[in-house]
Student: 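First the structure, then my questions, so here it is.
Naming convention: chains lettered A, B, ... in sequence-line order (proteins, then strands); numbering from 1 in each chain.
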Amino acid sequence: MKKVSPQEAIVSLNDGAVVMIGGFMSNGTPEILIDALIEKGVKNLTVIANDGGTPDTGIGRLIKTGAVCRLIASHIGLNPLIGQLMNEGKMEVQLVPQGTLAEQIRAGGAGLGGVLTPTGLGTEIQEGKEVVEVDGEKYLLEKPLKAAFALLRASIADEKGNLYYKATTRNFNPLMATAAETVIAAAEEIVAIGGIMPEAVATPGIFVDYLVGGEPYVS
Amino acid sequence: MSVKERIARRVAKELHDGNVVNLGIGMPTMVADYIPKGVTIHLQSENGILGMGPVPDADTYDANIVNAGGKPVTVEQGACYFDSSFSFAVIRGGHVDVTVLGALQVDRHGSLASHIIPGKMVPGMGGAMDLVTGSKKVIIAMTHVAKGGSAKILNNISLPATAIEKVNLIVTELAVIEVTSEGLLLKEIAVDTTVEEVIAKTGAPLIQPETVGRF
């Protein structure tokens, strides 16, 4: 784990990268890393996230600058720009049920070949997917999701990269930490080793490659 | 009392002490304001809360705590937080007793459409597909007809399905309708309507028991 600046953290994150970004309606999204991506001017990103943020927060800011060509998410309703870009053919959006998305990312990080879920049976979500019957019950086979990068937001990190997330900022962050080749975490506060109770660590430091301080506090 | 308040108040009567409940964004959220005295429920929020409380005062909230609509919320004493995978283990695993959500269409088989109008409204399903698939009881809280007066309760949904045959109860400002294996059972009608009006505004046959209750 290396402690770096936001610019250093994303130095190898270039055009066309597949990036998971933590957060739920921007709650738990690393704004400081979004700033760095916008500043660098990366293009054609594929973003995997719960949602598309809002026009002025989180992933929405990245979308507004035209950095995202493909979004895999469960919800885009809070960001009208996404629908507009879809209609103009400037952005491809793949909508996935939220629980399925979470499990696909978990499977990607947990060495699983996919998950079997009843969610989406008989709906458009089923199209092109294998239906597997287990003990008389039908399930959809959903394949694992992985990414080159995961951008996480922690409330507190320690010098080993152990991460603690306050309240609902946890959401997809711990899952994404396991499913990407390079994991970058931005924290509000970085404390000495031992400064986070072991029981409170939701992402072990071994998953974090780069740690960035200075993520704005939420009040 | 507004249409929404009336629906929310009637839905609240379906909740029992100790239930784990997920309320959808919008009108279903209002159900929490009408929980009967002596009934304690545990509100689940799919972004990772069990024990969600009311919306906070504008000047005292903690922005680390939001609901599934991304808006600030509070938590009850004894609440807990978890990640999205665990949250959907709670939901999909059958640990939510009741989920309440809105819908664009519901049909006599209990299939519902709530997440997309192709070419018009494409917000995404969020957690709705998992919620209606995994919850023990699914209650649809919605206005009886669409703006313009077209029926939302139909023989077969025409919009893309959110889930197939998962709805148990439909509560509107006019009626309470149970989805049974025989079809839609008219359980109650509102005090200011008639069975005839409800039938006229419903796009599927209703089974009428000998006595229809009032609410």
Student: Side chain, backbone, both or neither: which part of A:V96 has an atom under 4.5 Å from a heavy atom of chain B?
Tutor: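 Contact with chain B involves the backbone of A:V96 alone.
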Student: A:S74, A:G28, A:P174: which one forms the most heavy-atom pairs within less than 4.5 Å of chain B?
Tutor: A:S74
Student: Donor-acceptor pair, distance only, cut-off 3.5 Å: does the side chain of A:R106 make one with the backbone of B:S85?
Tutor: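 No, A:R106 side chain to B:S85 backbone: no donor-acceptor pair under 3.5 Å.
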Student: Could you look at A:I125 and say if it's the side chain, the backbone, both or neither that has a heavy atom under 4.5 Å from chain B?
Tutor: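 For A:I125, the side chain is the part near chain B, not the backbone.
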Student: Relative to chain A, which segment of B:E165 carries a heavy atom at a distance below 4.5 Å: side chain, backbone, both, or neither?
Tutor: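 For B:E165, no heavy atom lies under 4.5 Å from chain A.
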Student: Heavy-atom distance under 4.5 Å to chain A: side chain of B:I65, backbone, both or neither?
Tutor: both
Student: Between NE2 of B:H115 and NE2 of A:H75, what distance do you get to the nearest 0.5 Å?
Tutor: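 So the NE2 of B:H115 and the NE2 of A:H75 are separated by 10.5 Å.
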Student: Using a 6.0 Å cut-off, check whether atom NZ of B:K137 has over 12 heavy atoms from anything other than its own residue.
Tutor: yes
Student: Is the shortest side-chain heavy-atom distance between A:N171 and B:D83 below 4.5 Å?
Tutor: no
Student: If every non-hydrogen atom of B:F82 is compared with every non-hydrogen atom of A:R170, which pair is closest and at what distance?
Tutor: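 Answer, listing the atom of B:F82 first, then A:R170: CA-NH1, 3.9 Å.
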Student: Let me know if A:I76 has heavy atoms under 4.5 Å from chain B in its side chain, its backbone, both or neither.
Tutor: both
Student: Going by atom types only, do A:Q98 and B:S84 share a side-chain donor-acceptor pair under 3.5 Å?
Tutor: no
Student: Atom CG of residue position B:D59 - does it have more than 12 heavy atoms of other residues, nucleotides or ligands inside 6.0 Å?
Tutor: yes
Student: Using a cut-off of under 4.5 Å on heavy-atom pairs, state which of A:A202, A:S155, A:P118, A:G83 scores highest against chain B.
Tutor: A:P118
Student: Mind listing the closest non-hydrogen atom pair of A:N27 and B:A63 along with its distance?
Tutor: ND2-O, 3.2 Å
Student: Decide if atom NZ of A:K146 counts as having more than 12 heavy atoms of other residues, nucleotides or ligands within a radius under 6.0 Å.
Tutor: no
Student: Given heavy-atom pairs under 4.5 angstrom as the criterion, report whether the side chain, backbone, both or neither of B:S111 touches chain A.
Tutor: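 Neither part; nothing is under 4.5 Å.
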Student: B:F88 versus chain A, heavy atoms under 4.5 Å apart: side chain, backbone, both or neither?
Tutor: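 For B:F88, side-chain heavy atoms alone lie under 4.5 Å from chain A.
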Student: Which pair of non-hydrogen atoms, one from B:N67 and one from A:F24, has the smallest distance, and what is that distance?
Tutor: O-CE2, 4.4 Å
Student: Using a cut-off of under 4.5 Å on heavy-atom pairs, state which of B:G126, B:G70, B:A68 scores highest against chain A.
Tutor: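 Most heavy-atom pairs under 4.5 Å with chain A: B:G126.
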Student: At a heavy-atom separation under 4.5 Å, does A:T100 approach chain B through its side chain, its backbone, both, or neither?
Tutor: both
Student: So do the side chains of B:Y81 and A:T168 get within less than 4.5 Å of each other, counting heavy atoms only?
Tutor: yes
Student: Side chains of B:D130 and A:T119: is there a donor and an acceptor less than 3.5 Å apart?
Tutor: yes
Student: Return the option, out of A:V93, A:T169, A:L175, with the maximum number of heavy-atom pairs under 4.5 Å with chain B.
Tutor: A:L175
Student: I need the minimum non-hydrogen distance between B:R92 and A:G99, along with the two atoms involved.
Tutor: NH2-O, 3.0 Å
Student: Could you have a look at A:N50, A:L78, A:N173, A:T123 and say which one has the most heavy-atom pairs with chain B under 4.5 angstrom?
Tutor: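 The option with the most such pairs is A:T123.
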Student: Please tell me if the side chains of B:V66 and A:M25 come closer than 4.5 Å, counting only heavy atoms from C-beta onward.
Tutor: no
Student: Quick check on A:K129: does its NZ atom have over 12 non-hydrogen neighbours (other residues, nucleotides or ligands) under 6.0 Å away?
Tutor: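 Check passes, neighbour count above 12.
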